[in-house]
> 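One structure, pasted below without further comment.
Below, all heavy atoms of this structure are taken into account, side chains as well, without hydrogens, waters or symmetry copies. Proteins come first, then strands; the chains are lettered A, B, ... in the order of their sequence lines, and each starts at number 1.
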Protein chains: 2
Amino acid sequence: MGTGQRRPTGRPRGFDADEALERALLVFWERGYEGASLANLTEAMGISTTSMYAAFGNKEELFRKALERYSEGPSAYLARALEEPTALRVATAIVAGAIRTTTRPTGPNGCLGVQGALATGDSGRAARDLLITWRGNDYSRIRDRFRRAIDDGDLPEGADPALLARYVTTLTYGIAVQAASGVHRDELQEMADAALRGWPLR
Amino acid sequence: MGTGQRRPTGRPRGFDADEALERALLVFWERGYEGASLANLTEAMGISTTSMYAAFGNKEELFRKALERYSEGPSAYLARALEEPTALRVATAIVAGAIRTTTRPTGPNGCLGVQGALATGDSGRAARDLLITWRGNDYSRIRDRFRRAIDDGDLPEGADPALLARYVTTLTYGIAVQAASGVHRDELQEMADAALRGWPLR
DNA sequence: CACGTTCTGCATCGATCGGTACAAAAATGG
DNA sequence: CCATTTTTGTACCGATCGATGCAGAACGTG
């Protein structure tokens with residue numbers, strides 16, 4: 001009953017939580033989990049540490065929510081790519097999406113899922129493990145899509161979906177590192193086009 | 001004349017600087033520049049912070065020297081690979097060397113040149129820039145080797161050395177991320193074999 | 001109005017960060 | 001022996017780390 005969303009009791013928030021999370025995402029993206037201090041984060045978010053802790057829990061939870069936002073925003077190209085009609089078009093769309101996302105003229109270079117926490121100290125271990133799981137999920141979804149492509153007759157019977165998924169993810173992670181090093185979009189796209197010419201790698 | 005190396009005046013060192021640097025390298029490799037604290041480093045090196053600073057300068061210099069040691073040790077496969085007689089054998093050796101180095105049963109997974117400092121805060125910016133230069137060097141050496149392969153008639157006239165070098169480095173960086181995620185050596189090698197079957201990417 | 005609830009600003013917490021001051025220890029040269 | 005040079009252990013530096021205590025402000029409700 002009722003009108004659905006009711007205004008909660010108590011003092012209302014003085015900031016937009018979505019907007020603040022977006023700012024935090026950008027900081028994590030650029031500096032990595034360990035490199036992003038609470039001072040960096042709260043300054044970019046425009047709120048105090050108190051407000052951040054009240055709204056998001058702690059730094060680790062904030063990172064987790066930023067990663068979710070990343071999956072549904074900059075990294076949403078993956079879900080769309082998996083709906084392409086053929087395995088080759090799926091692979092092409094994934095790689096192109098990765099290049100576009102990691103080399104946006106505005107925003108950080110690289111991929112949050114890679115550079116967010118690749119090698120860390122003890123304090124970043126949870127974030128690192130989270131990203132390992134995140135990357136593993138992407139791999140599994142791509143592999144499953146390629147399995148379906150064999151059932152569809154789109155990929156030949158002899159094709160290896162796991163190997164092809166490993167190849168596509170390896171390309172995207174490599175692209176993420178190149179982008180973080182400042183390599184430009186056009187050069188990466190030419191390389192990616194060539195890399196998929198041998199599809200499905202015989 | 002003298003006997004060459006003369007024992008210097010003053011109290012002699014109580015530790016083996018080479019051995020200590022090797023230990024520091026392993027810590028940086030596993031935790032990254034920012035994730036490796038002085039306490040982590042000196043404990044692994046078996047010396048006090050005072051001795052570390054006297055022998056190596058500071059944390060940044062220690063990282064620089066660890067990277068040099070990495071280039072001449074775990075990453076030495078690159079120089080050997082560049083001496084292979086054909087471009088395909090060069091590419092094959094580079095990728096195989098990267099897989100072996102990033103998935104050693106003993107020692108950290110992944111590549112120091114990638115995960116040592118990919119995205120950092122202000123304190124890690126110098127290390128990050130150093131690794132960008134390091135990776136850029138590797139790319140240039142590979143590209144130059146492929147240029148020579150065209151002169152040798154080993155690669156066809158129409159081949160693009162820069163594109164091929166970008167492809168090989170992208171594969172190795174992607175492999176480094178996969179290895180850091182715990183993907184096993186055999187799976188990566190199968191993928192790499194397939195990835196080079198289309199060489200020179202037409 | 002008072003009340004309960006939630007959020008905010010300020011001050012601060014103990015722990016850890018990278019880095020050093022200082023004097024004793026251990027070597028060489030006279 | 002003494003003087004010089006270099007390394008070592010101890011103790012410590014100010015800054016920053018992630019995180020919190022607390023009082024008051026800002027809302028809906030009765």
> Charged N to carboxylate O under 4.0 angstrom, Asp154(A) versus Arg148(A)?
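Salt bridge absent between Asp154(A) and Arg148(A).
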
> In residues 14-35 of chain B, which residues come under 4.0 Å of DNA chain D by heavy atom?
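Listed by number, they are Gly14(B), Phe15(B).
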
> Check each of Ile132(B), Asp138(B), Thr133(B) against Arg135(B) using the side-chain contact (heavy atoms from CB on, under 4.5 Å) test, and report the only one that passes.
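Result for side-chain contact (heavy atoms from CB on, under 4.5 Å) with Arg135(B): Ile132(B).
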
> Relative to the 5' end of DNA chain C, which residue comes earlier, Pro12(B) or Ala39(B), by the nucleotide with the nearest heavy atom?
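The residue whose closest nucleotide sits nearer the 5' end is Ala39(B).
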
> What is the distance, rounded to the nearest whole Å, between atom CG of Leu41(B) and atom C1' of dG19(C)?
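After rounding, the gap between these two atoms is 13 Å.
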
> Assess whether a salt bridge exists between Glu61(B) and Arg64(B), defined as any Lys/Arg side-chain N lying under 4.0 Å from an Asp/Glu carboxylate O.
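Salt bridge between Glu61(B) and Arg64(B), a charged N being under 4.0 Å from a carboxylate O: yes.
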
> Parallel, tilted or perpendicular: which fits the ring planes of Phe28(B) and Phe63(B), with parallel below 30° and perpendicular above 60°?
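Correct class here is perpendicular.
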
> Tell me: CZ of Arg11(A) to P of dT29(D), nearest whole Å?
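Taking atom P of dT29(D) as the reference, CZ of Arg11(A) is at 18 Å.
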
> Can you identify which nucleotide, out of dT4(D), dT8(D), dC17(D), has its nearest atom closest to the Thr9(B) side chain?
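Within the option list, the nearest is dT4(D).
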
> Side chains of Ser140(A) and Asn137(A): do they bring a donor and an acceptor to under 3.5 Å?
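No donor-acceptor contact under 3.5 Å links the two side chains.
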
> Heavy-atom contacts under 4.0 Å between residues 47-59 of chain B and DNA chain C, which residues?
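Result for residues 47-59 of chain B: Thr49(B), Thr50(B), Tyr53(B), Asn58(B), Lys59(B), sorted by number.
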
> Let me know the distance between CG of Leu62(B) and P of dG19(C), rounded to the nearest Å.
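So the CG-P distance, Leu62(B) to dG19(C), works out to 10 Å.
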
> If only side-chain N and O atoms count, and only distance matters, is there a donor-acceptor pair under 3.5 Å linking Ser71(B) with Trp134(B)?
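Looking only at side-chain atoms, Ser71(B) and Trp134(B) do form a donor-acceptor pair, the distance falling under 3.5 Å.
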
> For Phe63(B) and dG18(C), what is the distance between atoms CZ and P respectively, to the nearest whole Å?
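Going from CZ in Phe63(B) over to P in dG18(C) covers 14 Å.
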
> Could you grab the distance from atom CD1 of Ile94(A) to atom CZ of Arg141(A), nearest 0.5 Å is fine?
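Going from the CD1 atom of Ile94(A) to the CZ atom of Arg141(A) covers 9.0 Å.
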
> Whole angstroms only, please: what is the CZ-P distance between Arg125(A) and dG18(D)?
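These atoms are roughly 17 Å apart.
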
> Could you check how far CG of Leu38(B) sits from P of dA15(D), rounded to whole Å?
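Interatomic distance, CG of Leu38(B) to P of dA15(D): 18 Å.
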
> Report the distance from atom CZ of Arg13(A) to atom P of dG28(D), rounded to the nearest whole Å.
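So the two atoms are 16 Å apart, to the nearest Å.
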
> Expressed in angstrom and rounded to an integer, what is the separation of Met45(A) atom CE from dT8(C) atom P?
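For the pair Met45(A) CE and dT8(C) P, the rounded distance is 11 Å.
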
> Counting neighbours of CZ on Arg125(B) that are heavy atoms of other residues, nucleotides or ligands and sit closer than 6.0 Å, is the number greater than 12?
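Enclosed: over 12 neighbouring heavy atoms sit under 6.0 Å from CZ of Arg125(B).
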
> Glu34(A) side chain to Thr120(B) main-chain N or O, any donor-acceptor pair under 3.5 Å?
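Answer holds: no.
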
> Nearest of dA26(D), dG18(D), dG29(C) to any side-chain atom of Ser37(A)?
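Nearest to the side chain of Ser37(A) among the choices is dG18(D).
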
